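Along the sequence shown, residues are numbered consecutively beginning with 1. The shown structure was predicted, so the numbers you read here are calculated from the model rather than taken from an experiment.
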Amino acid sequence: NDFHLHLKKYESHRVCNCGACRTANNLSVKFVAHYGEITMSSIRQYKKLFGKEVIVAHRLLKNDIEQHEYSLFTDDLMAASKSWTTMEETWSPLERSEKVYDSGPIGFTYLAMDPLLGQLPAIEHINFDYSGPKSIVLETEAVINAPMHIVFDVVADVTWRPKWIPGIGPEVTDVNSKLTQSGQTHRCIVNEPRIIGHDYHIDQDVICFSETPEKKTHGVLYKLHRLSDGRTRIQATLWIPRNPMKAIMFKMMMKKKMMGMFDQSWSNLKFYCEELATRGENHSFTLMLQPEPEHVRA
């Protein structure tokens with residue numbers, strides 16, 4: 001259930017439209033439990049299992065069970081388990097079967113797990129944004145001579161932030177997901193609140209998303225616009241909860257410093273993205289924004 005709940009949540013929160021991400025919610029899970037002697041070999045940092053029983057466990061996945069999701073226990077396992085007791089009340093009927101492989105006949109008991117899917121709770125929509133009135137205290141933008149998808153890939157890669165945003169820590173921490181999605185968290189400055197990315201809206205010519213600290217003391221709305229000749233306009237709008245006095249104080253004491261930080265950030269981002277475009281390369285972290293054409297998926 002945790003496995004499917006994770007996939008269900010990713011389907012409602014995802015940004016990437018590659019084939020793997022779009023079809024992740026179709027994945028299924030099987031459990032095969034077997035008992036027997038094996039050997040283990042270490043190759044560099046990896047450990048690999050060898051032996052007849054390892055082959056048997058893999059062969060057991062080729063069976064006549066109609067269900068896509070099940071738990072399977074071999075007779076060898078049950079015979080070797082002194083504490084094994086027959087399950088009488090389960091979420092689906094216990095079934096018996098036997099398959100003959102080149103290693104001989106293997107008997108097993110299995111039960112389908114499909115009925116458990118009915119227990120999955122609905123995904124709760126969480127509003128990560130500040131729902132009260134806001135005051136815009138800063139707006140800034142830049143034009144980058146690189147395609148919109150390259151610029152977005154760099155900006156969306158939270159682990160890359162120290163490379164182009166000045167004044168933050170040497171590394172980003174508290175990243176709860178390596179895949180960009182609504183609800184992804186990161187922390188750029190030690191002892192500062194975690195930042196949450198959310199409300200991604202993507203179409204052919206415009207991408208926008210927001211980043212808000214957990215305490216919702218402020219937020220930034222990013223907008224990327226596809227321009228002609230493969231260029232991109234990126235805009236950032238900084239807001240705080242509406243408070244006339246705080247807005248005045250920000251503009252008097254913080255705005256110039258923040259503008260300087262954004263100007264340097266745009267300069268760094270522009271240099272890196274334009275280098276990628278010139279070399280015909282993509283950022284190492286790449287999101288597919290549009291679904292693949294049918295002939296590519298086929």
Side-chain angles (χ1 to χ4, degrees), residues 9-10 12-15 122-144 148 151-152 154-177 179-203 206-225 232-269 287:
K9 182 177 180 181
Y10 183 60
S12 66
H13 288 64
R14 67 180 173 87
V15 173
I123 297 298
E124 179 185 1
H125 175 73
I126 302 175
N127 182 15
F128 296 109
D129 201 2
Y130 175 72
S131 56
K134 304 173 183 177
S135 294
I136 295 175
V137 292
L138 185 150
E139 293 180 289
T140 177
E141 66 175 52
V143 174
I144 299 174
M148 184 172 67
V151 180
F152 178 65
V154 180
V155 175
D157 184 359
V158 295
T159 63
W160 194 258
R161 296 289 174 87
K163 303 289 186 180
W164 62 277
I165 300 179
I168 63 177
E171 64 178 352
V172 175
T173 61
D174 291 65
V175 179
N176 64 351
S177 171
L179 295 171
T180 298
Q181 57 186 292
S182 185
Q184 184 188 43
T185 64
H186 71 278
R187 193 192 307 269
C188 292
I189 303 175
V190 178
N191 297 326
E192 288 293 314
R194 293 189 306 172
I195 306 295
I196 304 173
H198 57 93
D199 293 333
Y200 290 86
H201 298 284
I202 297 173
D203 62 31
V206 179
I207 299 173
C208 61
F209 66 98
S210 295
E211 291 188 345
T212 307
E214 288 179 310
K215 296 182 179 180
K216 301 183 179 181
T217 54
H218 63 279
V220 180
L221 171 65
Y222 290 97
K223 281 189 177 182
L224 287 77
H225 301 264
T232 303
R233 176 185 293 114
I234 182 169
Q235 299 172 308
T237 302
L238 177 65
W239 59 263
I240 62 173
R242 184 173 296 172
N243 184 312
M245 184 59 67
K246 286 186 176 181
I248 292 173
M249 293 296 292
F250 178 90
K251 292 177 180 179
M252 290 177 57
M253 304 178 64
M254 294 292 297
K255 185 173 182 178
K256 184 176 180 180
K257 179 181 178 181
M258 292 295 294
M259 283 296 296
M261 186 204 74
F262 270 108
D263 287 344
Q264 185 60 57
S265 296
W266 296 149
S267 178
N268 296 339
L269 184 66
L287 294 167

### Message
Would you say Thr140 and Trp266 are linked by a side-chain donor-acceptor pair, where the criterion is simply a distance under 3.5 Å?
### Response
yes

### Task
With sequence neighbours excluded, tell me which residues meet salt bridge (Lys or Arg N to Asp or Glu O under 4.0 Å) with Glu141.
Arg233

### Task
Applying side-chain contact (heavy atoms from CB on, under 4.5 Å), run through Ile195 and Thr212 and close with a yes or a no.
CA-CA 6 Å; Ile195 306 295; Thr212 307; over 6 Å; no

### Message
When you measure from the side chain of Thr232 to the backbone of Met148, do you find a donor-acceptor pair of N or O atoms at a distance under 3.5 Å?
### Response
yes

### Task
Output the distance between atom CG (Asn176) and atom CZ (Arg194), rounded to the nearest 0.5 Å.
6.5 Å

### Query
Pick from Lys246, Arg242, Lys251: which one makes a side-chain contact (heavy atoms from CB on, under 4.5 Å) with Ser135?
Arg242

### Query
Looking only at atom types and distance, does a side-chain atom of Ser267 sit under 3.5 Å from a main-chain N or O of Asp263, one as donor and one as acceptor?
no

### Query
So, His225 versus Gln235: side-chain donor-acceptor pair below 3.5 Å or not?
yes

### Query
Do Thr173 and His186 meet the criterion of a side-chain donor-acceptor pair at a distance under 3.5 Å?
no

#### Entry: Residues that Tyr10 engages under ring pair (Phe, Tyr, Trp, His ring centres under 6.0 Å), provided they are two or more places apart
none

### Task
Kindly check if the number of other-residue, nucleotide or ligand heavy atoms within 6.0 Å of CD (Glu171) is above 12?
no

### Task
Could you check Phe152 against Ile207 for side-chain contact (heavy atoms from CB on, under 4.5 Å), going step by step and ending with a plain yes or no?
CA-CA 8 Å; Phe152 178 65; Ile207 299 173; 3.7 Å; yes

### Query
Do NZ/NE/NH1/NH2 and the carboxylate oxygens of Glu211 and Arg161 come within less than 4.0 Å?
yes

### Query
Checking side-chain contact (heavy atoms from CB on, under 4.5 Å) for the pair Phe250/Lys255: CA distance, chi angles, key distance, verdict?
CA-CA 6 Å; Phe250 178 90; Lys255 185 173 182 178; 4.1 Å; yes

### Query
Can Leu269 and Val154 be said to form a side-chain contact (heavy atoms from CB on, under 4.5 Å), step by step?
CA-CA 8 Å; Leu269 184 66; Val154 180; 3.6 Å; yes

### Query
Rounded to the nearest 0.5 Å, how far does SG of Cys208 lie from OH of Tyr200?
11.0 Å

### Task
May I ask you to check whether over 12 heavy atoms, not counting those of Lys216, lie within 6.0 Å of atom NZ?
yes

### Message
What's the separation between atom CE in Met254 and atom CE in Met259, rounded to the nearest 0.5 Å?
### Response
13.5 Å

### Message
Can you confirm whether more than 12 heavy atoms, excluding those of Lys134, are under 6.0 Å from its NZ atom?
### Response
yes

### Query
Distance from Ser12 atom OG to Ile123 atom CD1, nearest 0.5 Å?
5.0 Å

